[in-house]
Amino acid sequence: MPDYKEMYLEMVRGTEKAINILIDVQQKCEEMYISSPDIPDEEQRENQA
């Protein structure tokens, strides 16, 4: 008989790893975006509108 508890725990661990990878990449991209010198400041955005 399969060990359903171990199968479930394996699935949960893998899912948690995948979620953490996505969170880390999103945070890295957000940091890259906000540290980019090409972002127009608020005044420039208002003048473009």
Side-chain angles (χ1 to χ4, degrees):
M1 184 166 140
D3 184 354
Y4 290 106
K5 180 178 179 181
E6 186 55 38
M7 289 169 53
Y8 174 79
L9 292 174
E10 183 70 22
M11 188 233 4
V12 170
R13 288 183 204 114
T15 301
E16 185 176 11
K17 285 180 186 178
I19 290 169
N20 286 333
I21 289 169
L22 293 171
I23 290 170
D24 291 343
V25 171
Q26 180 179 358
Q27 289 173 341
K28 180 180 178 182
C29 290
E30 289 171 350
E31 183 59 38
M32 290 168 64
Y33 179 80
I34 62 173
S35 64
S36 172
D38 297 335
I39 301 173
D41 63 16
E42 187 66 30
E43 185 177 313
Q44 288 175 330
R45 284 187 292 233
E46 289 175 359
N47 290 337
Q48 289 176 353

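Values in this document were obtained by computation on a predicted structure and should not be read as measured data.
Residue pairs that meet the side-chain hydrogen bond (donor to acceptor under 3.5 Å, both in side chains) test with at least one member in residues 10-22, sequence neighbours left out, are E6-R13.
Neither V25 nor L22 shares a network with the other; the hydrophobic side chains, linked directly or stepwise wherever heavy atoms of I, L, V, M, F, W or Y lie under 4.5 Å apart, form separate groups for each.
The side-chain hydrogen bond (donor to acceptor under 3.5 Å, both in side chains) check on Q26 picks up E30, with sequence neighbours excluded. Taking the salt bridge (Lys or Arg N to Asp or Glu O under 4.0 Å) definition, one finds that E31 meets it with nothing, sequence neighbours left out. Under the rule for a side-chain contact (heavy atoms from CB on, under 4.5 Å), the partners of K28 that lie at least two apart in sequence or sit in another chain are M32.
As a member of the Ile/Leu/Val/Met/Phe/Trp/Tyr network built from side-chain separations under 4.5 Å, I23 groups with I19.
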